[in-house]
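The chains referred to below are lettered A, B, ... by the order of the sequence lines, with proteins before strands, and numbering in each begins at 1. Just so we're clear, the structure is a prediction, and the values are computed from it rather than from any experiment.
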There are 2 protein chains.
Amino acid sequence: MSKAYEEKTPVTMQSVAVMAGVSPMTVSNTFRYPERVHAETRRKVLLAAAELGYIPNHAAGNLASGQSRVIGAVIPSIKNSSFYKYVRGMQEAVADLGYELILKLADTQQQEAAAIQTFIGLRVAGITLVGDEHEKDAVELLRKTGVPVVESWVHHAPFDMAVGYSSAEATQAMIALLLEAGCRRIGFVGYGGSVSHRFRERVPAFEASLKARGLRSDLIYLVDEADGFGAGPKALEGLCGMDPALDGLLCPTDIIAAGVLFECSRRGWKVPERLAVAGWGDYEIASEITPRLTTLQPNAEDMGRHAIRMIVERVRGAGEPGHVRNTGFQIVRRDSI
Amino acid sequence: MSKAYEEKTPVTMQSVAVMAGVSPMTVSNTFRYPERVHAETRRKVLLAAAELGYIPNHAAGNLASGQSRVIGAVIPSIKNSSFYKYVRGMQEAVADLGYELILKLADTQQQEAAAIQTFIGLRVAGITLVGDEHEKDAVELLRKTGVPVVESWVHHAPFDMAVGYSSAEATQAMIALLLEAGCRRIGFVGYGGSVSHRFRERVPAFEASLKARGLRSDLIYLVDEADGFGAGPKALEGLCGMDPALDGLLCPTDIIAAGVLFECSRRGWKVPERLAVAGWGDYEIASEITPRLTTLQPNAEDMGRHAIRMIVERVRGAGEPGHVRNTGFQIVRRDSI
DNA sequence: TACAGGAATTGTAGCGCTACAAAATTCAGT
DNA sequence: ACTGAATTTTGTAGCGCTACAATTCCTGTA
């Protein structure tokens with residue numbers, strides 16, 4: 001029977017130092033400032049470290065130096081493939097900059113607050129959040145500790161820094177495209193319930209765009225976030241009830257747009273001739289279903305990359321609080337409009 | 001202009017102790033062993049801590065106690081919704097047990113090895129991995145440090161502990177279902193390239209099941225993992241080339257099965273009459289498309305929960321190395337078979 | 001050969017916390 | 001009031017590492 005975890009003799013910097021025949025400080029320097037150590041010495045130290053399987057204890061280093069190379073990211077859900085790209089962007093950036101990224105999932109504001117506490121407990125170098133709606137106490141805590149924080153997917157008024165794009169502008173752009181394609185009775189599918197700001201700000205943008213053209217702007221139908229694809233058929237039915245001649249539809253995600261497409265095929269409706277459908281998010285499914293979905297691509301990887309860069313800049317003394325970076329969006333024109 | 005992060009006066013246990021008028025040790029006890037301190041004292045300490053926004057420094061605590069309340073999970077990808085459920089299960093279990101979960105994404109073995117190093121550097125209490133194929137050095141390192149490790153989604157021969165189900169058994173069960181439904185010319189879609197063991201072990205199970213019944217067992221088509229939905233049509237075309245009377249199809253994921261369903265609808269084939277289609281993974285899409293997909297549900301949440309429990313048990317002194325837990329699977333019968 | 005000046009190396013002290021043991025306080029039962 | 005035990009509180013030492021200053025080792029030049 002093998003020994004329990006704690007009973008193994010831990011490999012410390014000290015043991016590496018002894019094996020390499022140098023002082024512990026030299027071992028430390030070898031890892032943190034390799035250029036300060038003579039090449040030959042460095043070789044010996046690295047050899048000893050490899051031999052012993054030595055991994056520097058971040059916890060101790062962090063404590064001694066007051067600095068951390070770890071950035072914490074709170075993600076609301078991993079179901080959504082935009083977040084996947086966002087995380088990829090962050091991973092890429094931390095790798096370039098010599099940092100580490102750790103993730104926590106949080107579906108609710110309470111969970112987010114708990115995740116923030118964990119990260120602060122770990123004394124991470126910075127934190128990235130999604131959205132601009134957070135628990136009051138959590139924000140207070142972040143303020144007090146002064147950790148660099150980037151809010152992603154939002155576009156203005158951060159309590160520290162933000163990176164994202166404007167959902168309102170994106171909505172306008174999508175409506176413009178629908179209008180250009182000849183649609184005149186455009187419907188809007190939104191999320192009901194207490195959904196986040198970045199979804200809610202689309203509604204007024206939708207209304208304003210249509211009113212400006214003198215078109216009907218009340219074809220709005222709210223669905224339940226949990227319904228997935230199933231929300232598509234429901235929304236289509238609801239909206240057709242309001243205006244049977246509905247000819248364009250703006251969906252909050254590609255998933256719902258796909259659901260609408262399934263329903264159109266069931267009804268024998270041609271897309272985009274009978275109904276033009278706009279997605280949002282550029283999920284994988286958008287380019288795979290028939291007809292291929294015209295959608296909005298939010299540059300999620302860029303967002304992730306910039307979120308990390310902003311934190312690292314701040315740690316290095318640059319980067320002002322209040323900094324907002326607009327990573328924009330792109331409309332991917334395919335077959336559904 | 002606000003001060004830089006490092007310049008803020010940090011709130012330490014000491015400052016809480018002063019404010020509450022007790023010794024630092026009492027503050028420590030209040031957080032770690034609340035029952036050891038008098039209720040009234042506890043109240044004072046908690047009040048002071050809240051007032052100052054004190055969050056215990058995990059790094060220091062970890063260093064002093066040699067113990068950690070953080071478990072690290074390495075996830076290969078978050079695109080796949082089974083992993084989502086797996087993570088949910090883990091989150092739930094850590095919350096129950098008073099631990100924390102942090103995630104790292106790793107698509108390749110190299111990235112996995114790096115993630116393991118990070119976790120060991122953080123001196124986490126345990127690590128969960130996916131699959132049983134890891135970089136040799138990483139395994140060596142895990143062995144040396146003795147961290148409790150659970151390999152998930154696999155069923156046997158762990159180097160420490162494992163939790164999962166047998167892909168071979170699952171394949172057999174699915175084939176049995178197809179046969180029962182009257183299929184006699186069954187095709188198999190697999191992943192080409194260097195794909196992990198848990199996918200590869202399905203092939204011999206497929207062949208054996210069919211040979212045992214004296215049926216054709218060479219209708220195997222390999223697709224590229226990156227093709228997503230698009231792999232479905234390709235596989236269907238390839239397999240029909242081998243046997244135009246193909247009447248059943250076993251897909252490696254629901255995504256591919258969905259792609260096949262799209263293609264069937266394009267061809268005007270009835271499912272399951274013309275072709276019965278089996279998915280794998282019970283993704284969201286499985287219950288949303290028409291016809292609804294019969295698929296294999298791997299009890300991912302259970303897997304996550306058990307992975308965490310096994311680690312915590314080990315830390316607490318129970319739980320043998322070599323422990324394997326079979327969380328089984330379920331076939332979700334819907335309309336495609 | 002001596003020595004300034006840079007390169008490389010090494011003690012010292014302490015980061016914030018906790019294990020442990022010792023000390024102080026409270027309490028019950030005479 | 002007094003004692004022994006139980007409860008609560010508190011020093012002490014040290015976890016593994018790094019900042020910083022001090023020391024030692026080199027090299028080239030006078």
Side-chain angles (χ1 to χ4, degrees), chain A residues 5-46 48-49 52-70 120-125 145, chain B residues 5-46 48-49 52-70 120-125 145:
Chain A
Y5 183 25
E6 310 91 87
E7 293 174 43
K8 300 227 176 186
T9 355
V11 181
T12 73
M13 189 167 267
Q14 177 66 38
S15 42
V16 177
V18 170
M19 183 161 188
V22 297
S23 76
M25 257 328 289
T26 298
V27 178
S28 173
N29 284 328
T30 307
F31 285 99
R32 292 180 55 90
Y33 309 100
E35 74 285 357
R36 286 188 193 167
V37 180
H38 192 86
E40 173 57 19
T41 315
R42 206 189 306 153
R43 205 187 53 76
K44 280 192 306 189
V45 171
L46 260 16
L52 293 168
Y54 171 69
I55 303 278
N57 185 332
H58 271 68
N62 184 343
L63 185 58
S65 70
Q67 298 192 324
S68 168
R69 285 291 203 185
V70 177
I120 291 182
L122 252 15
R123 299 297 189 267
V124 296
T145 59
Chain B
Y5 183 25
E6 310 90 271
E7 293 173 42
K8 300 227 176 186
T9 353
V11 182
T12 72
M13 189 168 267
Q14 177 66 39
S15 40
V16 176
V18 169
M19 184 161 188
V22 296
S23 76
M25 256 330 287
T26 299
V27 179
S28 174
N29 284 330
T30 306
F31 285 100
R32 294 181 52 91
Y33 309 100
E35 73 285 357
R36 284 188 195 169
V37 315
H38 193 87
E40 173 59 19
T41 315
R42 206 189 307 155
R43 205 187 54 76
K44 280 192 305 188
V45 171
L46 259 17
L52 293 168
Y54 171 69
I55 304 277
N57 185 332
H58 271 69
N62 184 344
L63 185 59
S65 71
Q67 297 191 327
S68 168
R69 284 288 201 189
V70 176
I120 292 182
L122 252 16
R123 300 297 189 269
V124 296
T145 59

(message) Expressed as a whole number of angstroms, how long is the span from B:Gln67:CD to C:dC17:P?
(response) 17 Å
(request) Report yes if a side-chain nitrogen or oxygen of A:Thr26 is closer than 4.0 Å to either non-bridging phosphate oxygen (OP1 or OP2) of C:dT10; otherwise report no. (result) yes
(message) Does D:dC17 have OP1 or OP2 under 4.0 Å away from a side-chain N or O of A:Ser65?
(response) no
(request) Round to the nearest Å and state the distance from B:Gln14 atom CD to C:dT18 atom P. (result) 13 Å
(request) Could you state the atom-to-atom distance from NE2 of B:His38 to P of D:dT7 in whole Å? (result) 13 Å
(request) Could you check how far CZ of B:Arg36 sits from C1' of D:dT8, rounded to whole Å? (result) 11 Å
(message) Do A:Ile55 and B:Arg123 have side chains that approach each other closer than 4.5 Å (heavy atoms only, starting at C-beta)?
(response) yes
(request) Using only side-chain N and O atoms of B:Arg32, determine if any of them is under 4.0 Å from OP1 or OP2 of C:dC17. (result) no
(request) Looking only at side-chain atoms of A:Met25, point me to the closest of C:dG16, D:dA19, D:dT10. (result) D:dA19
(request) Would you mind telling me which residue lines up with the more 5' stretch of DNA chain C, B:His58 or A:Asn29, judged by nearest nucleotide? (result) A:Asn29
(message) Of the options C:dC17, D:dG16, C:dT9, whose atoms approach the side-chain atoms of A:Val37 most closely?
(response) C:dT9
(request) Ignoring backbone atoms, test whether B:Ser28 places a side-chain nitrogen or oxygen under 4.0 Å from the OP1 or OP2 oxygen of C:dT18. (result) yes
(message) Tell me the interatomic distance from A:Glu40, atom CD, to C:dA7, atom P, rounded to whole angstroms.
(response) 19 Å
(message) Using a 3.5 Å distance criterion without hydrogens, assess whether the side chain of A:Asn57 forms a donor-acceptor pair with backbone atoms of B:Leu63.
(response) no
(request) Specify the separation, in whole Å, of atom CD of B:Glu35 and atom P of D:dT9. (result) 12 Å
(request) Map A:Asn62 and B:Pro24 onto DNA chain D by nearest heavy atom, then report which one ends up closer to the 5' terminus. (result) B:Pro24
(request) Let me know the distance between OH of A:Tyr33 and C1' of C:dT10, rounded to the nearest Å. (result) 16 Å
(message) Strictly below 4.0 Å: does A:Thr41 bring a side-chain N or O up to OP1 or OP2 of C:dT9?
(response) yes
(message) Can a donor-acceptor pair be found, under 3.5 Å and without considering hydrogens, that links the side chain of A:Ser65 to the backbone of A:Gly61?
(response) yes
(request) Indicate whether OP1 or OP2 belonging to D:dT9 is found under 4.0 Å from a side-chain N or O atom of B:Ser23. (result) no
(request) Taking the side chain as every heavy atom from C-beta outward, state whether B:Val27 and B:Pro24 have any atom pair closer than 4.5 Å. (result) no
(message) Can you measure A:Tyr54 atom OH to D:dC17 atom C1' for me and round it to whole angstrom units?
(response) 7 Å
(request) Determine whether A:Val22 and A:Thr41 make a side-chain contact, defined as any pair of heavy atoms from C-beta on separated by less than 4.5 Å. (result) yes
